[in-house]
Amino acid sequence: MAAKISYADVEAGTELPAQSFSVTRGTLVQYAGASGDFNPIHWNEKFATEVGLPDVIAHGMFTMAEAIRVVTDWVGDPGAVVEYGVRFTKPVVVPNDDKGALIEVSGKVAAKLDDNRVRVDLVATSDGQKVLGMSRAVVQLA
């Protein structure tokens, strides 16, 4: 695969298509099985509240992975992401109902770099609160 977006076609300020990602308790169980992270804060409401959390929370790495999908879907090649980092600012609280939680992610090209690379800044929120800070990716464009 190769990036489908051309470096010449973007400028600082170019907005990526925003996306929303639904997270349910079932999603968390599936992610726990795939990742091997069975920490009870991600599936056991009683345990989560006993340790001071408002409810069960999504895995941080799951939240991070969902956010970068905005970039990989835009560029068309997951391998085009050459750097990615975030700070976890708030947990994604996942209630035990038929709705779960929603992670809303937007992004924009913050800077054009050398060698056909751009820095993309992401904003990820859930329930009106920013859940990732300093969420940035460096992407290799065509």
Side-chain angles (χ1 to χ4, degrees), residues 1-7 9-113 115-142:
M1 286 183 113
K4 296 178 183 178
I5 303 294
S6 171
Y7 182 81
D9 292 338
V10 300
E11 298 297 329
T14 298
E15 293 189 19
L16 283 62
Q19 293 188 52
S20 296
F21 305 99
S22 178
V23 186
T24 65
R25 295 280 178 96
T27 309
L28 299 181
V29 170
Q30 291 172 327
Y31 183 81
S35 68
D37 182 352
F38 294 101
N39 187 323
I41 64 173
H42 303 304
W43 58 270
N44 184 318
E45 186 174 330
K46 182 179 182 293
F47 183 86
T49 57
E50 283 176 354
V51 297
L53 295 168
D55 204 334
V56 165
I57 63 170
H59 302 73
M61 297 304 283
F62 173 83
T63 305
M64 187 177 176
E66 291 292 77
I68 197 65
R69 287 177 56 189
V70 167
V71 176
T72 59
D73 288 354
W74 172 69
V75 76
D77 177 11
V81 177
V82 295
E83 292 179 29
Y84 178 45
V86 306
R87 288 194 180 141
F88 300 106
T89 57
K90 298 273 184 191
V92 174
V93 178
V94 183
N96 190 18
D97 59 17
D98 58 349
K99 294 181 183 179
L102 195 64
I103 301 170
E104 298 175 286
V105 184
S106 61
K108 70 177 179 181
V109 175
K112 290 184 85 167
L113 310 172
D115 299 324
N116 287 4
R117 293 180 177 192
V118 295
R119 189 186 90 217
V120 175
D121 290 353
L122 297 167
V123 175
T125 63
S126 182
D127 200 25
Q129 296 197 38
K130 195 172 180 181
V131 295
L132 298 176
M134 300 294 290
S135 184
R136 295 179 175 170
V138 174
V139 184
Q140 181 71 53
L141 300 182

State, to 0.1 Å, how close A32 and F38 come at their nearest heavy-atom pair, and which atoms those are.
O-CZ, 3.4 Å
Do we see a donor-acceptor contact under 3.5 Å between the side chains of E45 and N96?
no
Can any side-chain N or O of N39 pair as donor or acceptor with the backbone N or O of I41 at less than 3.5 Å?
yes
Rounded distance [0.5 Å steps], CG in D9 versus NZ in K4:
14.5 Å
Go through the steps to decide whether V109 and L16 satisfy the test side chain to side chain contact (heavy atoms under 4.5 Å, CB included), and finish with yes or no.
CA-CA 8 Å; V109 175; L16 283 62; 4.3 Å; yes
Just by distance, do the side chain of E83 and the backbone of R136 share a donor-acceptor pair under 3.5 Å?
no
Please report the interatomic distance CG(D55) to CG(N44), rounded to the nearest 0.5 Å.
10.5 Å
Tightest non-hydrogen contact, residues T72 and P78, listed as CG2-CA, 3.7 Å
Option passing side chain to side chain contact (heavy atoms under 4.5 Å, CB included) with I103 (candidates T125, V23, L132)
V23
Specify the closest pair of heavy atoms between P91 and V131, including all atoms of both residues, with the distance to one decimal.
O-CG1, 4.0 Å
Rounded to the nearest 0.5 Å, how far does CD1 of I68 lie from CG of D73?
10.0 Å
Nearest heavy-atom pair of F88 and M61: which atoms, and what distance?
CZ-SD, 4.2 Å
State, with a plain yes or no, whether a side-chain heavy atom of E11 is found less than 4.5 Å away from one of T14.
yes
Distance check, rounded to the nearest 0.5 Å: K108 atom NZ versus R119 atom CZ?
9.5 Å
For the side chain of W74 and the backbone of P17, is there at least one donor-acceptor N/O pair under 3.5 Å apart?
no
With sequence neighbours left out, what residues match Y31 under ring-ring contact (aromatic ring centres under 6.0 Å, His included)?
H59, F62
Please check if the side chain of T89 supplies one atom and the backbone of K130 the other of a donor-acceptor pair under 3.5 Å.
yes
Is the side chain of Y7 donor-acceptor paired with the backbone N or O of L113 at a distance under 3.5 Å, no angle test?
yes
Step through the shown structure and confirm whether more than 12 heavy atoms of other residues, nucleotides or ligands are within 6.0 Å of NZ on K90.
no
Has T24 got a side-chain atom pairing as donor or acceptor with T27's backbone, closer than 3.5 angstrom?
yes
For a side chain to side chain contact (heavy atoms under 4.5 Å, CB included) check, start with the C-alpha distance between V93 and D127, then their side-chain angles and the critical distance, and finish with the verdict.
CA-CA 8 Å; V93 178; D127 200 25; over 6 Å; no
Using atom types as modelled and distance alone, determine if a side-chain donor or acceptor of S126 lies under 3.5 Å from a backbone N or O of L102.
yes
Might you point out which heavy atoms bring A101 and P95 nearest each other, and give the distance in Å?
N-CD, 4.3 Å
What's the shortest heavy-atom distance between G100 and V94, and which atoms?
CA-CG1, 4.3 Å
If you define the side chain from C-beta out and look only at heavy atoms, does anything of I57 sit under 4.5 Å from H42?
yes
